[in-house]
Amino acid sequence: MAQATRTTGPGTLVRDALAPVLRATGDVSADETGSWVQVDRPCEVQVILELGTIAAGVTGFDVEIQGADDSSGTNTVSYGRFATLTGADDNETRVLHASVYKPYMRSVIDHSGSGACGTTIKVRQPHDRKTDSTTAGD
C-alpha cells in the first residue's frame with residue numbers, strides 16, 4: 001500500500017513558512033524601532049523587505065537590520081541597511097544578505113517626509129526565492 005506524505009518531492013526548495021517576522025505587514029508613517037525577535041539562525045540569511053504603496057510625500061525611507069545577544073539589546077550590531085527608498089520604489093521587494101551570528105534581530109526604520117509606506121520584513125534562509133536558470137547545455 002502506498003504511503004501518503006505531506007512533504008515536497010526531491011529537488012524542491014521549501015519556502016520557510018515559519019520565517020521570523022521583523023515587521024508585520026502594515027503602514028509606517030514615522031520613525032520606528034522594532035522589537036527584538038528571536039531568530040536563532042547563526043548562518044547566512046536573506047532579510048526580505050516587501051514594500052506596498054509608498055506615499056508621494058515620503059522623501060526618504062531607510063531600513064537598518066540589527067542583531068543582539070538577548071531581547072534587551074545587549075551588544076547590538078548592525079547587519080546592514082537597505083538602499084534608501086522613496087515614493088518611486090513602491091510595490092518592490094528588496095533583499096539584504098547577511099551573516100547572522102546573534103540570536104536576536106530587529107529593524108530600525110528612519111522615515112522622512114509625510115505619508116505612509118506599506119512594509120513587511122522577514123528573515124529567510126539563503127535559498128529562498130533562488131532559481132536555477134541553467135539548462136542541460138550549460
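Numbers here are sequence positions counted from 1.
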Pairs flagged by salt bridge (charged side-chain N to carboxylate O under 4.0 Å, His left out) wherever residues 74-84 is involved - sequence neighbours left out:
Asp62-Arg81, Glu64-Arg81
Rounded distance [0.5 Å steps], OG1 in Thr119 versus CD1 in Ile109:
5.5 Å
When you group the ILVMFWY residues by side-chain heavy-atom contacts below 4.5 Å and let the links chain together, are Leu22 and Val100 in the same group?
yes
Mind checking what makes side chain to side chain contact (heavy atoms under 4.5 Å, CB included) contact with Ser99, not counting sequence neighbours?
Glu44
Results of salt bridge (Lys or Arg N to Asp or Glu O under 4.0 Å) for Asp89 - residues two or more places apart only:
Arg94
4.5 Å side-chain heavy-atom contact, Ile65 and Leu96
yes
With sequence neighbours left out, write down each residue that passes salt bridge (Lys or Arg N to Asp or Glu O under 4.0 Å) with Arg106, or none if nothing qualifies.
none
Distance check, rounded to the nearest 0.5 Å: Leu49 atom CG versus Cys117 atom SG?
7.5 Å
Check whether Met105 and Val28 end up in the same hydrophobic cluster, where Ile, Leu, Val, Met, Phe, Trp and Tyr are linked by side-chain heavy atoms less than 4.5 Å apart.
yes
Excluding Val108, membership of its hydrophobic cluster (Ile, Leu, Val, Met, Phe, Trp, Tyr; side-chain heavy atoms within less than 4.5 Å) reads none
Output for pair (Leu51 CG, Leu85 CG), nearest 0.5 Å, gives 5.5 Å
Among residues two or more places apart or on two chains, list those pairs meeting salt bridge (charged side-chain N to carboxylate O under 4.0 Å, His left out) that have a residue in residues 24-34.
Arg23-Glu32
Return each pair, listed once, that meets salt bridge (charged side-chain N to carboxylate O under 4.0 Å, His left out) where at least one residue sits in residues 69-80; pairs must be two or more places apart or across chains.
Asp69-Lys102
Considering non-hydrogen atoms only, spot the tightest contact between Ser107 and Val63 and give its length.
CB-CG1, 4.5 Å
Apply ring pair (Phe, Tyr, Trp, His ring centres under 6.0 Å) to Phe82 and list each qualifying residue two or more places apart in sequence or on a separate chain.
none
Restricting to non-hydrogen atoms, name the atom on Ile48 and the atom on Val95 that form the minimum distance, rounded to 0.1 Å.
CD1-CG2, 3.8 Å
Non-neighbouring partners of Thr120 that pass side chain to side chain contact (heavy atoms under 4.5 Å, CB included), sequence neighbours left out
Thr25, Glu50, Lys122
Shared hydrophobic cluster for Val77 and Val45 (ILVMFWY, side-chain gaps under 4.5 Å):
yes
Can you list, by chain and residue number, the hydrophobic cluster partners of Val21 when the side-chain cut-off is 4.5 Å?
none
Quick one: closest heavy-atom pair of Pro20 and Val37, and the distance?
CB-CG1, 4.2 Å
Should Tyr104 and Tyr79 be regarded as members of a common hydrophobic cluster, given that ILVMFWY residues are connected when their side-chain heavy atoms come within less than 4.5 Å of each other, either directly or indirectly?
no
